[in-house]
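Structure first, then comments.
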Amino acid sequence: MRLWGPGAAAREPPGPPDPQSPGGPMDSVRIYLRAPLFTARSAPHLPAKAVILEGTVDDRSNGGVLVTVTAWADFEGKALEGEGRRLFVPLAKIDHIELLGAPA
């Protein structure tokens, strides 16, 4: 796969991300969604009306983020009851991500 310039295809593939670099995994985040997560009324697997997720980003790709969710909230910021869960959230679903505890 050629990225840019002559000889780009001969480059070594990138190694694992450096946790300290901007491209590395994040510690603690709050993800604000454009719309609530879908869940079936008859067998909910996620808290209904969840639009704010807190947890850690485990991995990122061009299509979304893999996040371990530890807390859920609705549009008003009210905490919702729900078990922790690992989710892939598509970028199209995300409005923005707040880095918690990151330097301003």
Side-chain angles (χ1 to χ4, degrees):
M1 174 172 77
R2 184 174 179 179
L3 299 177
W4 292 280
R11 292 185 191 154
E12 293 278 326
D18 176 3
Q20 302 303 317
S21 76
M26 298 175 203
D27 287 334
S28 186
V29 296
R30 184 175 294 132
I31 301 174
Y32 295 87
L33 304 177
R34 295 176 184 269
L37 292 169
F38 175 80
T39 188
R41 288 184 194 152
S42 61
H45 63 288
L46 301 170
K49 302 180 183 176
V51 292
I52 303 171
L53 316 176
E54 284 193 23
T56 57
V57 173
D58 301 323
D59 195 14
R60 299 186 292 184
S61 72
N62 290 338
V65 294
L66 183 61
V67 60
T68 300
V69 180
T70 56
W72 315 83
D74 64 12
F75 276 109
E76 298 173 355
K78 178 183 164 194
L80 300 172
E81 287 192 32
E83 295 180 15
R85 188 169 291 278
R86 198 164 184 222
L87 299 174
F88 178 81
V89 183
L91 291 178
K93 187 91 173 158
I94 298 172
D95 183 79
H96 65 281
I97 300 175
E98 179 182 1
L99 304 176
L100 303 176

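In this text, all values refer to a predicted model and were calculated from it rather than measured experimentally.
Hydrophobic cluster membership is shared by L99 and L91, with clusters built from Ile, Leu, Val, Met, Phe, Trp and Tyr side chains linked at under 4.5 angstrom. Clustering ILVMFWY residues whenever any of their side-chain heavy atoms sit less than 4.5 angstrom apart, transitively, puts L66 in a cluster other than the one holding W72. Linking ILVMFWY residues whenever their side-chain heavy atoms come closer than 4.5 Å, directly or via other members, leaves F88 and I94 in distinct clusters. Linking ILVMFWY residues whenever their side-chain heavy atoms come closer than 4.5 Å, directly or via other members, places V29 and L37 in the same cluster.
Interatomic distance, T56 OG1 to R86 CZ, rounded to the nearest 0.5 Å: 8.5 Å. We find the NE2-CG distance between H96 and L33 to be 10.0 Å, quoted to the nearest 0.5 Å. From K49, atom NZ reaches atom CG of D74 across 8.0 Å, with rounding to the nearest 0.5 Å. Separation of atoms OG1 (T68) and CG (L53) is listed at 11.5 Å; rounding is to 0.5 Å.
Nearest heavy-atom pair across P47 and G82 is CG-CA, 3.9 Å. Contact record, R34 with A92: CD-O, 3.2 Å, taken as the closest heavy-atom pair.
In this structure a side-chain-to-backbone donor-acceptor pair under 3.5 Å is missing from T70 to G84. Looking at K93, its side chain does come within 3.5 Å of a backbone N or O of P36 through a donor-acceptor pair.
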| task | I would like to know whether L46 and L87 meet side chain to side chain contact (heavy atoms under 4.5 Å, CB included); could you show each step before the answer? | result | CA-CA 10 Å; L46 301 170; L87 299 174; 4.1 Å; yes

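Between V65 and I31, the closest side-chain pair of non-hydrogen atoms falls below 4.5 Å.
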